[in-house]
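Here's the structure, in structure tokens; my notes come after.
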Amino acid sequence: MKSLFLFLLSLPSFGSQVLDAQNHWKCICVPENMCADSDYGDDNLDVRLEESTCENYFDVCCENPINDIPKQPPTDAKLFKGCGLKNPIGLSGRITSDSQLAQFGELPWTVVIMERNLLKPDTNMYRCGGSVIHPQVVVTAAHCVIGIDQTLLTVRAGEWDTKSLDEPIPHQDASVGEALIHPNFHSRSLRNDIALLFLAAPLELRENVGVICLPPQGFSLDSAMCTAGGWGKDTFKRGKHSSILKKVDLPLVERSRCLTALKKTRLGAFYKLHSSFICAGGEENKDTCKGDGGSPLVCPVPGGPGRFFQMGIVSWGIGCGDSDTPGVYVNVPAFSNWIDMQLIARSLDPSVYKFGIF
């Protein structure tokens, strides 16, 4: 018993003990890289987030923890390997059985856009999502930020769980220096629903903060399985915002088929789909929803294995997750030249979000 007591004293201070049914010490919760169990990750995976034995999702229940905490290597800007790279299994190495939960760091370009609450100056209200296209530029939907005092806006990059500070790498908050709404944005029809947020200071590109590629002007993609991510509601009516970043895989929908589907809704037989929109989804219970506005729809780059580019921005839809009714997204390639010009006018380099095969 004495030897066990001394062993517990020597364990890392950040670990919490896990006891079995007989109140005997079973293991200690530590970050995965602090566990010496060589077979961890094969038979010991906890595949359900809500059933983890450790309070912190990123910790593992370890019987043989390492005492010496390895220092995190310093961030090097040269580690940036270009735009559009996601981490397929995230940065935690953990697996979740919920396919709609993004892994930590899996979609490193996805950001939260918040507005400071004037009634409670120390708190922020969730506005919408966005994506990093340059360390100092975020793209989002115009309807998310129009009419908002830009000095009240904050971009949070590298976020995963909005209710926790236990992520392996901390998020970064950046104030907005300029909010630029597209000059042809139409608030009623949501045509040209795009805006650029120029940050007061650049983000530090890290494993959990990355840049998404943008396609060239006029690029079109007939079909592809794409991915949208955000913290939006689970249902349109009485839905709840997700505290953890969610993702959903959605097929692009050919324009004429999308228009046919939209005409069958309350929009009516005479509805016309503006060229600033594309469509995706239309599968039951698989959709973006209220609160996801401004979030990116990213697709695999043709001929660029492992690379993704942003084809859309979550804009609007008729309900959420209805069968045969696609969601409507901003047609990002229709604005590529405009985005280039805005960055160049501010002495920012557009090549950051371009990929060589285009």
- Message: The test is side-chain contact (heavy atoms from CB on, under 4.5 Å); show your working for Gln103 and Trp160 and say whether it passes.
- Response: CA-CA 8 Å; Gln103 298 297 306; Trp160 183 70; 5.5 Å; no
- Task: Please test Leu250 against Thr227 for side-chain contact (heavy atoms from CB on, under 4.5 Å), starting from the C-alpha separation and ending with a verdict.
- Result: CA-CA 6 Å; Leu250 300 169; Thr227 302; over 6 Å; no
- Task: Evaluate side-chain contact (heavy atoms from CB on, under 4.5 Å) for Thr154 paired with Val176, printing each intermediate quantity in order.
- Result: CA-CA 6 Å; Thr154 298; Val176 175; over 6 Å; no
- Might you work through the side-chain contact (heavy atoms from CB on, under 4.5 Å) test for His274 and Asn192, ending with a clear yes or no? CA-CA 9 Å; His274 192 259; Asn192 307 305; 4.0 Å; yes
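Partners of Tyr353 under the ring-ring contact (aromatic ring centres under 6.0 Å, His included) rule, at least two apart in sequence or in another chain, do not exist in this structure. With sequence neighbours left out, the salt bridge (charged side-chain N to carboxylate O under 4.0 Å, His left out) criterion links Asp161 to no other residue. For Asn117, the side chain to side chain donor-acceptor pair (under 3.5 Å) criterion is met by no residue, not counting sequence neighbours. Residues that satisfy the side chain to side chain contact (heavy atoms under 4.5 Å, CB included) test with Pro300, not counting sequence neighbours, are Phe308. Residues meeting the side chain to side chain contact (heavy atoms under 4.5 Å, CB included) test with Lys272, sequence neighbours left out: none. In this structure Glu178 satisfies the salt bridge (charged side-chain N to carboxylate O under 4.0 Å, His left out) test together with Arg346, sequence neighbours excluded. Here Tyr271 pairs with nothing under the ring-ring contact (aromatic ring centres under 6.0 Å, His included) rule; sequence neighbours left out. Residues passing the ring-ring contact (aromatic ring centres under 6.0 Å, His included) test with Phe335, sequence neighbours excluded: His182. Every residue meeting the side chain to side chain donor-acceptor pair (under 3.5 Å) condition with Asp149, not counting sequence neighbours, appears here in chain and number order: Thr151. Checked against salt bridge (charged side-chain N to carboxylate O under 4.0 Å, His left out), Arg156 has the following partners two or more places apart in sequence or in another chain: Glu159, Asp173. Residues passing the side chain to side chain contact (heavy atoms under 4.5 Å, CB included) test with Ala157 are Val111, Leu203, Val209, sequence neighbours excluded.
Residues Leu152 and Leu118 are in side-chain contact: their nearest non-hydrogen atoms beyond the backbone lie under 4.5 Å apart. Between Pro302 and Phe309 the shortest side-chain heavy-atom distance falls below 4.5 Å. Within the 4.5 Å cutoff, the side chain of Val132 has no heavy atoms near those of the Val137 side chain. Val298 is not listed as a side-chain neighbour of Met311, based on a closest heavy-atom distance of 4.5 Å or more. Side-chain contact check for Tyr329 versus Ser315: every heavy-atom pair is 4.5 Å or farther apart. Side-chain contact check for Leu153 versus Met114: every heavy-atom pair is 4.5 Å or farther apart. Within the 4.5 Å cutoff, the side chain of Leu196 has no heavy atoms near those of the Val138 side chain. Contact of the Leu85 side chain with the Val211 side chain is not registered, since no non-hydrogen atoms from C-beta on lie closer than 4.5 Å.
For the pair Gly294 and Cys144, the tightest heavy-atom approach, listed with the atom from each and the gap, is N-SG, 3.8 Å. When all heavy atoms of Gly230 and Ser295 are compared, the pair lying nearest together is CA-OG, 4.0 Å. Taking both residues in full, the closest heavy atoms of Cys128 and Gly293 are given as CB-O, 2.9 Å, listed atom of the first, atom of the second, then distance. The nearest pair of heavy atoms linking Asp193 to Val330 is O-CG2, 3.0 Å. Heavy atoms only, all atoms of each residue included: Pro350 and Ile344 are closest at CG-CG1, 3.7 Å. Pairing each heavy atom of Arg255 with each of Leu273, the nearest pair is NH2-O, 2.5 Å.
Although no hydrogens or angles enter the test, the distance criterion places no donor-acceptor pair under 3.5 Å between the side chain of Arg127 and the main chain of Val112. In this structure a side-chain-to-backbone donor-acceptor pair under 3.5 Å is missing from Asn208 to Pro108. The closest donor-acceptor contact from the side chain of Glu254 to the backbone of Arg257 lies under 3.5 Å. The backbone N or O of Met125 sits nowhere less than 3.5 Å from a side-chain atom of Glu115 that would complete a donor-acceptor pair. Between the Thr140 side chain and the Gly129 main chain, a donor and an acceptor come within less than 3.5 Å of each other. With hydrogens and angles disregarded, no donor-acceptor distance shorter than 3.5 Å links the side chain of Trp231 to the backbone of Tyr126. A donor-acceptor pair is defined here as one N or O able to donate and one able to accept, closer than 3.5 Å; such a pair exists between the side chain of His186 and the backbone of Ser189. Counting only distance, with no hydrogens or angles, the side chain of Gln172 and the backbone of Glu204 share a donor-acceptor pair below 3.5 Å.
If you take CD1 on Ile194 and NE2 on His143, they are separated by 12.5 Å, rounding to the nearest 0.5 Å. The CG atom of Leu214 sits 7.5 Å away from atom SG of Cys83, with the distance rounded to the nearest 0.5 Å.
Both Ile148 and Ile146 belong to a common hydrophobic cluster when Ile, Leu, Val, Met, Phe, Trp and Tyr are linked at side-chain heavy-atom distances under 4.5 angstrom. Val253 is not connected to Val314 by any chain of hydrophobic side-chain contacts under 4.5 Å among Ile, Leu, Val, Met, Phe, Trp and Tyr, and they are in different clusters.
Side-chain atoms of Ser276 and Asn331 include no donor-acceptor pair closer than 3.5 Å. Under the 3.5 Å distance criterion, with hydrogens and angles disregarded, a donor-acceptor pair is assigned to the side chains of Ser131 and Gln310.
Look at Asp340 and Lys354 and you find a salt bridge, because one of the NZ, NE, NH1 or NH2 atoms lies within 4.0 Å of a carboxylate O, short of that distance.
Here ring-ring contact (aromatic ring centres under 6.0 Å, His included) pairs that include residues 244-265, with residues two or more places apart or in two chains, number zero.
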